[in-house]
Amino acid sequence: MMRTHTCGELGRDDLCSQVTLSGWVRFSRDHGGVLFIDLADSYGSTQLVHDPEALDGVDQGSILEVLESVGRESVIAVGGTVRERVPGTEDSRNPTGQVEVLINSVNVLSKSRPIPFEIAEQKNSMLPGEDLRLRYRYLDLRREGMVRNLKLRHRVISAGRTFLDGQGFIEVETPMLTRSTPEGARDFIVPSRLSPGDFYALPQSPQLYKQMLMIGGVDRYYQLARCFRDEDPRADRQPEFTQLDLEMAFVDHEDVFVVMEGLISAMWKAARGEELRTPFPRIPFAESLSRYGTDAPDMRFALPLVDVTNVVREVPYEIFRRILSKGGVVIGVNVKSDLLDDQVGRNEVDRLIEWAKAQGMGGITWMRMTSEGLNSNIVKYFTTEVLRELTETMAAEEGDLLLFLAGPSASTLAGGAALRLKLSQDLGLVEDDDHRFVWIVDTPVFEKDPVSGALDACHHPFVLPMDPEDLDDDPEQALGFSYDLVLDGVELGSGSLRNHDPEVQRKVFHLLGLSDERIDEQFGFFMEALSFGAPPHGGMAIGIDRLCALLTGADSIREVIAFPKNKRMFSPVDSCPAPVNEERLNELQIISLAGDDFEDIDLDDL
Ligand code: ASP
């Protein structure tokens with residue numbers, strides 16, 4: 001038997017038992033001829049002791065020799081007796097910390113080379129650089145923190161599956177080698193050897209397949225789906241990620257909300273043991289933008305943005321004048337007096353202004369509400385009437401600090417969103433362990449490209465417009481049955497009801513600038529499927545990596561993925577992407593123009 005117990009199991013109940021443990025030699029130390037070893041596995045760690053005085057009749061010498069010959073992180077199996085630790089040496093933080101195992105036999109199962117970094121749990125600041133951790137990820141995964149993260153991820157996924165099974169969903173796998181699915185990113189493409197010059201795409205999501213499952217009569221589908229998007233490196237992005245993807249037939253959007261809230265609650269409970277309060281609040285997209293400057297607002301603190309453009313329109317303050325004459329806006333934030341401790345004085349405001357400038361905002365204009373009314377170095381430009389209106393619009397009370405941003409609408413709202421976050425951090429407004437979900441609803445079907453003026457899909461092209469007539473009358477104003485779920489200012493997932501009427505779907509494609517020819521070429525198969533009786537349907541997908549990162553409090557999704565790519569989209573553990581040999585390329589009829597070869601190729605010969 002390799003082991004009678006795991007390394008996280010033994011306690012006082014096991015005193016005097018003969019046990020066999022197997023695991024990694026995490027730590028060893030010699031205390032005056034008595035050797036202590038922490039033997040670890042993914043369940044915990046147990047103290048082993050080699051004590052020459054405690055055992056008679058065992059070949060102590062050879063055991064010691066073996067123990068001294070193995071380096072840290074070698075794998076051993078030991079036999080021994082469970083005994084109490086010497087009083088005063090118990091470790092109350094370790095569940096096995098009341099006992100130790102007196103070794104009477106040892107077997108080396110495999111030896112480890114010297115390790116490149118410390119594996120025993122330590123403060124985050126002591127962690128080695130991320131690239132080193134990822135290069136030796138299999139060692140990094142032995143660390144307690146990573147074990148915790150992977151186990152939490154498993155619990156979340158497993159609770160999700162159990163919940164959906166209970167709701168009548170079935171898990172169906174959809175292809176990895178696909179025709180391109182449009183989620184707005186670039187596809188990873190896979191060359192076909194059997195059809196040279198043709199390519200599969202890795203799925204950006206199972207969107208069209210899950211819709212075809214609905215057409216196929218599958219009533220409730222889900223899948224733990226791997227998705228691939230070939231995007232430029234961005235903080236906390238991975239080229240491949242996992243979604244809990246689902247779709248339901250014969251539903252309206254309320255049905256989707258109920259299932260999603262149940263699902264999230266089940267996963268939350270599995271991870272944290274807490275019940276979530278549902279239903280989650282809902283905010284229309286337009287209100288989210290105007291009140292929080294973003295469609296992914298952090299609801300753990302208030303600090304709403306207030307548009308005061310019309311209040312200050314006539315004020316002869318040069319900065320506002322210039323901006324307003326070009327169609328810009330002025331938005332304010334009221335930092336209520338109870339949020340400000342006495343420290344927030346002129347210096348702090350100046351620092352905030354510098355911060356805003358460094359972020360590319362024009363700067364911040366400020367006022368304080370005193371017992372005599374609004375006060376700052378610019379109130380001289382404001383009439384009493386405007387100051388009164390400003391006080392009212394901003395709901396200013398004595399002691400409040402009013403901050404204003406001015407500029408073009410989109411960038412000023414984005415600046416407002418950043419300012420809210422900055423203030424929440426500086427003023428410590430987010431309480432530990434406070435988490436807020438919010439639905440963003442009533443999203444426009446289209447967004448206008450600011451440069452070309454062309455319409456793009458706000459979510460994706462399959463969203464059902466609330467009123468399909470808007471597509472003819474005023475497509476830019478058309479709202480869709482689509483919804484984003486946001487947690488603590490991070491978008492966790494999105495979904496929608498879909499177009500099940502092929503004519504409406506075609507109209508949306510037309511508005512997106514696709515000719516009938518392009519529609520047939522790109523989506524002919526799907527349009528055909530829609531024409532064979534598609535049920536009304538809708539669904540959603542939740543980003544599992546992001547959800548687990550939020551649940552563990554990790555600052556990056558890489559902490560909850562076993563083998564992630566690094567920030568440059570490179571996988572340090574197996575060094576990929578990597579070149580393929582020429583033979584394989586020849587089979588695929590692909591010519592590499594990269595590197596030195598480029599010089600040798602005569603393009604006229606191609
Ligand atoms: N396929 C969508 C996405 O990946 C989710 C959905 O609409 O169900 O964002």
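Note that ligands are numbered from 1 as they come in the structure, with each ligand's atoms numbered from 1 the same way. What you see is a predicted model; the values in this text were computed from it and never measured.
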Under 3.5 Å donor-acceptor pairs involving side-chain atoms of residues 293-301, not counting sequence neighbours:
unit_1	atom_1	unit_2	atom_2	d
Thr294	OG1	Ala296	N	2.9
Asp298	OD1	Arg300	N	3.1
Asp298	OD1	Arg300	NE	2.9
Asp298	OD2	Arg300	NE	3.4
Asp298	OD2	Arg300	NH2	2.7

Margin query: Between ligand 1 and Gln207, is the shortest N or O to N or O distance under 3.5 Å?
Written below: yes
Checklist line | Contact (N/O only, under 3.5 Å) between Glu247 and ligand 1 | finding: no
Check: Using a distance-only test with no angle check, is there a side-chain donor-acceptor pair under 3.5 angstrom linking Ser571 and Asp574?
Finding: yes
Item checked: Part of Gln211 within contact of ligand 1 (heavy atoms, under 4.0 Å) -> neither
Next item on the list: Look at the rings of Trp439 and Phe280 and say which category their plane angle falls in: under 30° parallel, 30 to 60° tilted, over 60° perpendicular.
Entry: tilted
Check: By number and element, which atoms of ligand 1 are closer than 4.0 Å to a non-hydrogen atom of Gly495?
Finding: 6 (C), 7 (O)
Next item on the list: Could you list the atoms of ligand 1 found under 4.0 angstrom from a heavy atom of Gln243?
Entry: 3 (C), 4 (O)
Note to self: Can you confirm, on distance only, whether ligand 1 has an N/O atom lying under 3.5 Å from any N/O atom belonging to Lys210?
What the structure shows: yes
Check: Closer than 4.0 angstrom: is that true for some heavy atom of Glu491 and an atom of ligand 1?
Finding: no
Check: At under 4.0 Å between heavy atoms, which part of Ser494 makes contact with ligand 1: side chain, backbone, both or neither?
Finding: both
Check: Any side-chain donor paired with an acceptor under 3.5 Å for His510 and Asp516?
Finding: yes
Check: Can you find an N or O of Asp245 that's nearer than 3.5 Å to an N or O of ligand 1?
Finding: no
Margin query: Taking Arg498 first and then Glu247, would you say they form a salt bridge - that is, a charged N and a carboxylate O separated by under 4.0 Å?
Written below: yes
Note to self: I'd like to check which ligand 1 atoms, numbered from 1 as shown, lie under 4.0 Å from a non-hydrogen atom of His460.
What the structure shows: 2 (C), 6 (C), 7 (O)
Next item on the list: Indicate yes or no: does Glu559 engage Arg133 in a salt bridge with an N to O separation below 4.0 Å.
Entry: yes
Next item on the list: Compare all side-chain heavy atoms of Met540 with those of Asp245 and state whether any distance is below 4.5 angstrom.
Entry: no
Notebook entry, point to check: Cut-off 3.5 Å, side chains only: do Asp198 and Ser192 have a donor facing an acceptor?
Noted result: no
Next item on the list: For Ser205, counting its heavy atoms only, list the atoms of ligand 1 lying under 4.0 Å from any of them.
Entry: 1 (N), 4 (O)
Next item on the list: Name all pairs fulfilling the ring-ring contact (aromatic ring centres under 6.0 Å, His included) condition that reach into residues 526-553, sequence neighbours left out, sorted by first residue then second.
Entry: Phe462-Phe526
Check: Heavy atom under 4.0 Å from ligand 1: found in His459's side chain, backbone, both, or neither?
Finding: side chain
Next item on the list: For Met540, take its heavy atoms, then give the atoms of ligand 1 lying under 4.0 Å from any of them.
Entry: 8 (O)
